[in-house]
Amino acid sequence: MQGEIQPILWESGRLSLLDQTRLPREEVVVESSDYREVIASIQEMRVRGAPAIGVTGAYAMVLAAREVAEGGDGGFLSRLREAAEEIKAARPTAINLAWAVERLLGVAEGESEPSMACETLLEEAKKIQRRDVEANRQIGRHGASLLRGRQGVLTHCNTGALATAGYGTALGVIRAAWEQGERFDVFHTETRPFLQGARLTAWELVKLGIPATMVVDSAAGLILRQGAVGCVVVGADRIAANGDTANKIGTYGLAVLARENGAPFYVAAPTSTVDLGVASGDEIPIEERDAAEVSELGGVRTAAEGIGIRNPAFDVTPNEYVDAIITEVGVIRPPYVENLRAAVTRGQGEG
Ligand code: MRU
């Protein structure tokens with residue numbers, strides 16, 4: 001993929017992450033050979049986005065397995081299980097992290113020799129990474145048809161190459177439609193408070209040469225009402241069995257505004273983001289992050305001292321607002337309980 005953004009790279013036993021906290025000011029790569037450093041990178045959001053932290057978590061497992069195997073003092077699987085728990089706890093909402101870690105643990109449990117397990121774990125991590133890019137391109141192809149004939153599309157947060165192993169999910173849909181020759185106005189939110197839209201989506205769209213317009217999150221209602229936006233497409237951190245969707249804080253409000261203004265609301269995500277183990281969005285844990293992300297801008301305090309602050313990083317959009325879920329196995333529509341289950345069976349069978 002010449003010229004493509006490479007957010008996650010495994011080379012010579014080290015994991016290289018493009019530090020997303022430094023974008024768009026500078027392109028700095030952080031290298032880690034210790035799984036604990038990788039956990040810190042996930043927590044501090046040097047790497048972020050559900051599929052990207054899934055892939056990163058898989059490589060963290062490889063690093064943990066190597067460390068435990070090199071220690072050579074027995075208890076390989078039990079110590080790897082402990083590391084798996086630490087990695088999964090790095091961020092709680094995106095299911096892709098737990099999904100990838102559990103998948104690698106399953107692979108390790110099937111090996112009798114630690115050294116052999118290290119080899120097969122690396123192969124599995126590479127496979128998850130490869131498969132994510134393929135899934136995103138399929139999502140793009142399926143979703144592009146939904147954008148045909150629209151005057152404008154609005155997206156939220158960052159769901160591009162940076163948030164995945166490559167290409168992107170919701171941004172991948174926009175990109176695929178654009179690559180097919182469709183032309184429409186692209187709007188994206190700034191995405192308070194961490195500014196994934198302003199810093200990352202804007203950076204990717206400029207790099208891709210797709211003209212786009214950024215608005216503050218609270219302008220979404222106005223542009224939807226003015227008719228500038230024909231549909232909304234967002235990513236997901238976890239989709240419950242009934243289609244309730246956890247995604248970046250502010251997504252729920254966008255979905256309600258889209259419905260109010262007659263614009264379809266689409267979620268784009270690989271089937272690895274669907275968690276059939278949770279019946280509804282009420283069971284999805286919502287990460288609360290440091291208050292400083294809200295009270296400061298670029299390290300400068302903007303909120304009055306003494307004020308109380310909450311910083312929930314995600315919200316849940318009830319399934320009745322979701323017109324369709326675009327996955328690598330096709331566009332899924334209600335009834336979600338049956339149709340998502342079938343999609344996961346197909347998607348995970350192919351993976
Ligand atoms: O807190 P973040 O930046 O990790 O949140 C990211 C999102 O909410 C994305 O929409 C989601 O992970 C899908 S990324 C393809």
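Keep in mind the model is a prediction, meaning the values are calculated, not measured. Computed from heavy atoms alone, side chains included, the values below leave out hydrogens, waters and symmetry copies. In listed order, ligands and their atoms are each counted from 1.
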Please work out, at 4.0 Å between heavy atoms, whether the side chain, the backbone, both, or neither of P51 comes within that distance of ligand 1. side chain
Is the side chain of T201 donor-acceptor paired with the backbone N or O of C157 at a distance under 3.5 Å, no angle test? yes
Taking a cutoff of less than 4.0 Å between a non-hydrogen atom of the residue and any ligand atom, is R91 in contact with ligand 1? yes
What part of F194 sits under 4.0 Å from ligand 1 if we count only heavy atoms: the side chain, the backbone, both or neither? neither
Would you mind listing which atoms of ligand 1 come within a distance below 4.0 Å of any non-hydrogen atom of T159? 10 (O), 15 (C)
Which protein heavy atom lies closest to atom 8 (O) of ligand 1, and at what distance to 0.1 Å? D237 OD1, 2.8 Å
Could you tell me which atoms of ligand 1, counted from 1 in the order shown, lie closer than 4.0 angstrom to a heavy atom of C157? 5 (O), 6 (C), 7 (C), 8 (O)
May I ask you to establish whether R199 and F194 are in a cation-pi arrangement, using a distance under 6.0 Å from NZ or CZ to the six-membered ring centre and at most 45° from the ring axis? yes
Need the ligand 1 atom indices (1-based, order shown) with element for anything under 4.0 Å from a heavy-atom of T164. 15 (C)
Which atoms form the tightest heavy-atom contact between A241 and L340, and what is the distance? O-CD1, 3.7 Å
Give a yes/no verdict on whether any heavy atom in M45 is under 4.0 Å from an atom of ligand 1. yes
Considering the heavy atoms of N247, write down every atom of ligand 1 situated less than 4.0 Å from one of them. 7 (C), 8 (O), 9 (C), 10 (O), 11 (C)
Please state which part of K248 comes within less than 4.0 Å of ligand 1, counting heavy atoms only: side chain, backbone, both or neither. both
A94 near ligand 1 by a heavy-atom separation under 4.0 Å: no
